[in-house]
Amino acid sequence: MTMTEQPVEPEGKSTACCARHNSPNARPGGDAAETPHERVNRRWNEILQETRVTQTGVQILFGFLLSVAFTPLFRELEALDRGIYVATVVLGAAATGSLIAPVSIHRFLSGQRMKDEVVETAGRLMMCGMVLLALTIGCTLLLILRFVVPGVLAEVLVGGVMLWFGLCWYVLPLHLRRRAGRRSRTRDA
């Protein structure tokens with residue numbers, strides 16, 4: 001059976017999932033109350049999905065960066081561009097380390113009844129990795145655009161992209177969190 005196929009239940013027969021959603025612990029709005037165990041498992045699964053997406057991107061970018069040093073034009077780089085390249089590679093390596101670290105932590109601590117700590121630490125490493133990834137992308141853009149665009153336009157374009165990253169990756173989620181918190185407080189009042 002594929003994931004999209006669902007077994008047909010006879011009418012009136014509830015499944016375990018439906019029984020949980022119809023329980024007296026169900027919250028208003030149709031969401032069932034989540035036990036601490038269910039919450040930590042859900043959060044871990046979310047981190048795993050997020051890690052898969054970011055790891056792939058950072059590994060591809062890092063691989064590209066490593067190959068640049070072996071191209072013929074690399075020898076012709078000015079000192080500033082070589083410095084940008086070194087910073088970019090170091091940031092890419094640090095981003096890779098931060099974004100892969102949750103896997104290692106989970107492997108070492110699996111079965112130790114430390115899932116809360118693992119999830120919290122993995123979440124922090126993911127945030128750190130995202131900052132490092134944004135900086136890596138910014139430096140990569142700077143390195144490339146300095147060859148393509150004349151004058152300070154490269155720096156202006158990179159600044160705009162970094163501002164966009166900051167808005168999309170940090171400001172917007174924090175704004176949504178704050179707005180949801182205000183709604184929750186007014187609903188509880």
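Note that the numbering runs from 1 along the sequence shown for the chain. Only heavy atoms go into these numbers, but all of them, side chains included; no hydrogens, no water, no symmetry mates.
Looking at heavy atoms from C-beta onward, Phe62 lies out of side-chain contact with Leu133 at the 4.5 angstrom threshold. A heavy-atom distance below 4.5 Å is found between the side chains of Met162 and Leu135.
Taken together through direct or relayed side-chain contacts under 4.5 Å among Ile, Leu, Val, Met, Phe, Trp and Tyr, Leu145 and Val152 form parts of separate hydrophobic clusters. One hydrophobic cluster, built from ILVMFWY side chains closer than 4.5 Å, holds both Ile144 and Ile137. Under the 4.5 Å side-chain heavy-atom criterion for grouping Ile, Leu, Val, Met, Phe, Trp and Tyr, Val148 is connected to Leu153 within one hydrophobic cluster. Hydrophobic cluster membership differs between Val53 and Tyr170, with clusters built from Ile, Leu, Val, Met, Phe, Trp and Tyr side chains linked at under 4.5 angstrom. Leu66 and Leu61 fall within a single hydrophobic cluster, where Ile, Leu, Val, Met, Phe, Trp and Tyr side chains are chained together by heavy-atom contacts under 4.5 Å.
Expressed to the nearest 0.5 Å, how far CE of Met126 lies from CD of Glu50 amounts to 5.5 Å. Taking OG1 of Thr54 as the start and CD of Gln59 as the end, the distance is 9.0 Å to the nearest 0.5 Å. Distance CD/Glu155 to CG/Leu157: 9.0 Å, rounded to 0.5 Å. Atom CG of Leu125 is separated from atom CG of Leu132 by 10.0 Å, given to the nearest 0.5 angstrom. Between the CZ atom in Arg178 and the NE2 atom in His175 there is a gap of 8.0 Å [rounded to 0.5 Å].
Pro173 and Leu167 make their closest contact through CD-O, 4.3 Å (heavy atoms, listed as atom of the first residue, atom of the second, distance). The nearest pair of heavy atoms linking Gln55 to Ile100 is NE2-CA, 3.4 Å. Closest approach of Ser98 to Gly129, counting heavy atoms only: CB-CA, 3.6 Å. Summarising the geometry of Thr88 relative to Cys139, their closest heavy-atom pair is OG1-CB, 2.9 Å, with the distance given to 0.1 Å. Minimum interatomic distance between Ala154 and Val149 (heavy atoms only, all atoms of both residues): N-CG1, 4.0 Å. Shown here for Leu99 and Met130, the closest heavy-atom pair between the two residues is CD2-N, 4.3 Å.
Within the structure, every pair that satisfies the salt bridge (Lys or Arg N to Asp or Glu O under 4.0 Å) test and touches residues 70-88, not counting sequence neighbours, is listed here: Asp81-Arg146.
Each of His37, Arg39, Glu38 was evaluated against Asn41; a single residue qualifies, His37, per the side chain to side chain donor-acceptor pair (under 3.5 Å) test. For the pairing with Tyr85, the side-chain contact (heavy atoms from CB on, under 4.5 Å) check across Leu80, Val90, Leu142, Val68 returns one residue only, Val68.
Of the possible polar contacts, none joining the Ser110 side chain to the Arg107 backbone as a donor-acceptor pair under 3.5 Å is found. Between the Thr186 side chain and the Arg182 main chain, a donor and an acceptor come within less than 3.5 Å of each other.
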>> For Leu48 and Arg52: C-alpha separation, side-chain torsions, deciding distance, then whether side-chain contact (heavy atoms from CB on, under 4.5 Å) applies.
In response: CA-CA 6 Å; Leu48 286 178; Arg52 285 182 184 115; 4.1 Å; yes
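The aromatic rings of His106 and Trp44 lie parallel to each other, their planes meeting at an angle below 30°, with 60° marking the opposite boundary.
Every ring-ring contact (aromatic ring centres under 6.0 Å, His included) that Trp169 has, sequence neighbours left out, goes to Phe165.
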